[in-house]
Amino acid sequence: MRKILIVGSGQSGLQLALTLQQHGYDVTMMSARTPDEIRAGRVMSTQCMFHDALTIERSHGLNLWDDTAPAITHQGLSLAGPGGDRLLNWAGEWVGPAQSVDQRVKMADWLELFEERGGKVVIHGVTTADLNALARMYELTIVAAGKGELVQLFDRDNERSRYTRPQRALSVSYVHGARQRPERPQGSIDVWMNNSPGTGENINIPGHTLSGACDIVFMAGIPGGDFDCFRDQPGSQEVWQRQLENMRKHFPWEYERFRDAELTDARGTLVGGYTPIVRDPVGELPSGQIVLGMADVVVANDPITGQGSNNAAKCAQYYLDGILSRGDGPFDRDWMRQTFESYWDHAQWVTKFTNTMLEPPPEHVQQILGIAQENQAVADRFANGMNNPADLAEWFFEPEKLQKYLASLN
């Protein structure tokens, strides 16, 4: 039975631990917090998992929230114009429902499930010095903790990394009490992206949290603009009030929905930002031992396209496949790079899509968003790019491919 150490109890680390456990591997999971501490902590993300990522979870029996989390069926987009009007307002239908489960719920439950099934859990923050001593006890050590000291083990890949600073100031609030979107059919459950050119984005996601159904209000502000107003690290209520004020000013249709909503809990907000980056997947400890990075450790994108948890789920599946196919072979540097490159075949399109959406849209992308208002097939295909960014390479990124696609619709 091969011994594997996984450091980091997020989507990728826990999914990989649970699936390796199902295949009889001796897995040790290191988590900085207990399940109860995770549940009592601050919200960690704006996760929205799309059909393909959820299918991976279901294939392993890890879909514990299908009966409780809202089934989200559409991706909407509104473009703000002057005077509170909307220049665009349309929705595309996804191939299958998405869902968003508060990671405080999901990671705590999965950590308990791993332990209930006989997995070894060590509750301890891990430093480079700790890992230097621990790694020699395992055949493979995987770092799945996307923040903190251990990330520094993995060098920046300059060829694949475009930015050197955060591209958005980020803020999140989990709330109860939002009103139904009036222009949509009664009972519809949609993710909605609102864009204010030159200012930033507001994405609203129906979700499931500790206290049940909720809405997740996410704002991504261009640095120096109105949405970049949290550098003083305000308290939770002030975060929510500033988000509301920005909705009132830029997206009055959303303000009317959320004006009476209240935070789900005192730790239901998060502010910050990080630099999108791709890193070398192989890290070397002072002892010379090598470790493999995964998910956000090696490919971290801005959350504007909602890809974080989806990337993590897919990375965990690629790594599971790589470990299983290795058999008794060594987990050496070449194997680590090959395993990462199999994941990068997918993640490269996520990175290209996200970087495209962070920049002012080129003329042909503006054309796509405008045509989607009148053509449901285009709206649906754009929406499903969230689920399968590789499809965007066939029609979205280059104007020549777009024209070919549009011609095929006639």
Side-chain angles (χ1 to χ4, degrees), residues 1-23 25-47 49 53 56-57 60-65 101-154 209-210 265 267 270 272 274 283 285 289 291-298 300 308-309 311-313 315-317 319-320 323:
M1 188 182 297
R2 306 200 74 173
K3 295 181 66 176
I4 295 176
L5 174 65
I6 299 175
V7 181
S9 56
Q11 172 79 37
S12 63
L14 275 168
Q15 181 182 316
L16 182 60
L18 283 158
T19 54
L20 285 171
Q21 186 183 56
Q22 292 170 350
H23 287 276
Y25 285 75
D26 181 354
V27 182
T28 298
M29 161 61 64
M30 296 199 72
S31 172
R33 296 184 291 172
T34 67
D36 285 344
E37 288 170 339
I38 293 171
R39 292 187 183 100
R42 187 166 294 281
V43 296
M44 295 179 275
S45 66
T46 57
Q47 69 294 312
M49 297 195 69
I56 292 171
E57 289 189 356
H60 299 296
L62 300 178
N63 53 314
L64 308 183
W65 301 275
V101 178
D102 186 340
Q103 291 199 349
R104 295 178 297 180
V105 174
K106 189 174 193 177
M107 300 312 129
D109 287 359
W110 270 5
L111 190 57
E112 288 176 341
L113 179 63
F114 177 71
E115 199 162 18
E116 288 166 6
R117 292 177 174 177
K120 302 170 188 174
V121 177
V122 178
I123 306 298
H124 199 283
V126 183
T127 66
T128 301
D130 295 329
L131 200 59
N132 197 47
L134 287 167
R136 64 174 60 96
M137 300 165 58
Y138 297 88
E139 294 177 75
L140 173 63
T141 296
I142 296 175
V143 178
K147 298 176 182 178
E149 178 182 323
L150 295 184
V151 174
Q152 303 308 313
L153 293 169
F154 305 92
T209 187
L210 299 159
D265 61 278
R267 294 183 177 272
L270 184 68
Y274 58 86
L285 294 163
Q289 288 272 122
V291 296
L292 174 63
M294 76 179 301
D296 280 356
V297 173
V298 287
S309 56
N311 268 2
C315 185
Q317 184 63 40
Y319 281 23
L320 173 68
I323 291 168

Inset, instruction - Find the distance between OG (Ser309) and CE (Met49) and round it off to the nearest 0.5 Å. - result: 4.5 Å
Legend entry - Test item: side-chain donor near acceptor, Thr128 and Glu149, under 3.5 Å: yes
Inset, instruction - Determine, stepwise, if the pair His124 / Asp130 fulfils side-chain contact (heavy atoms from CB on, under 4.5 Å). - result: CA-CA 10 Å; His124 199 283; Asp130 295 329; 4.1 Å; yes
Inset, instruction - Please examine the side chains of Gln22 and Arg117, heavy atoms only from C-beta on, and report whether any two atoms are closer than 4.5 Å. - result: yes
Legend entry - Atom of Leu16, atom of Ala316 and distance for their closest heavy-atom approach: CD1-O, 3.6 Å
Inset, instruction - Please report the closest heavy-atom contact between Val298 and Tyr319, naming both atoms and the distance. - result: CG2-OH, 4.4 Å
Inset, instruction - Output, in order, the C-alpha distance, side-chain angles, deciding distance and verdict of side-chain contact (heavy atoms from CB on, under 4.5 Å) for Trp110 and Met29. - result: CA-CA 11 Å; Trp110 270 5; Met29 161 61 64; over 6 Å; no
Legend entry - Side-chain touch Leu131/Leu153, heavy atoms, less than 4.5 angstrom: yes
Legend entry - Nearest heavy-atom neighbours spanning Gly61 and Leu64: O-CD2, 4.1 Å
Legend entry - Side-chain heavy-atom pair Thr209, Arg104 within 4.5 angstrom cut-off: yes
Inset, instruction - Determine yes or no for a side-chain-to-main-chain donor-acceptor pair under 3.5 angstrom, with Gln47 supplying the side chain and Val101 the backbone. - result: yes
Legend entry - N-O pairing of Asp109 and Arg39 below 4.0 Å: yes
Inset, instruction - State, with a plain yes or no, whether a side-chain heavy atom of Leu62 is found less than 4.5 Å away from one of Thr19. - result: yes
Inset, instruction - Please name the pair of heavy atoms, one in Ala313 and one in Gln11, separated by the smallest distance, quoted to 0.1 Å. - result: CB-NE2, 3.8 Å
Legend entry - Over all atoms of both residues, closest heavy-atom pair of Val121 and Phe114: CG2-CD2, 3.6 Å
Inset, instruction - Report the distance from atom CG of Leu20 to atom CD1 of Ile4, rounding to the nearest 0.5 Å. - result: 5.0 Å
Inset, instruction - Nearest 0.5 Å please: distance from the NE2 atom of His23 over to the CG atom of Leu18. - result: 11.5 Å
Inset, instruction - Indicate whether any N or O donor in one side chain lies under 3.5 Å from an N or O acceptor in the other, for Gln15 and His60. - result: no
Legend entry - Nearest-0.5 Å distance, OH of residue Tyr138 to OG1 of residue Thr28: 3.5 Å
Inset, instruction - Heavy atoms only: give me the nearest Met294-Ser12 pair and the separation to one decimal. - result: CE-CB, 3.6 Å
Donor-acceptor contacts, no H, no angles, side chain residues 139-148, under 3.5 Å, sequence neighbours left out:
residue	atom	partner	partner atom	Å
Glu139	OE1	Arg2	NE	2.8
Glu139	OE1	Arg2	NH2	2.9
Glu139	OE2	Lys3	N	3.1

Inset, instruction - Indicate yes or no: at least one non-hydrogen side-chain atom of Val151 is less than 4.5 angstrom from one of Asp296. - result: no
Legend entry - Separation between CG of Leu14 and CD of Glu112, rounded to the nearest 0.5 Å: 11.0 Å
Inset, instruction - Could you grab the distance from atom CG of Asp26 to atom CG of Leu5, nearest 0.5 Å is fine? - result: 10.5 Å
Legend entry - Given Ile6, Leu111, Val122, Val126, the one that forms side-chain contact (heavy atoms from CB on, under 4.5 Å) with Ser31: Leu111
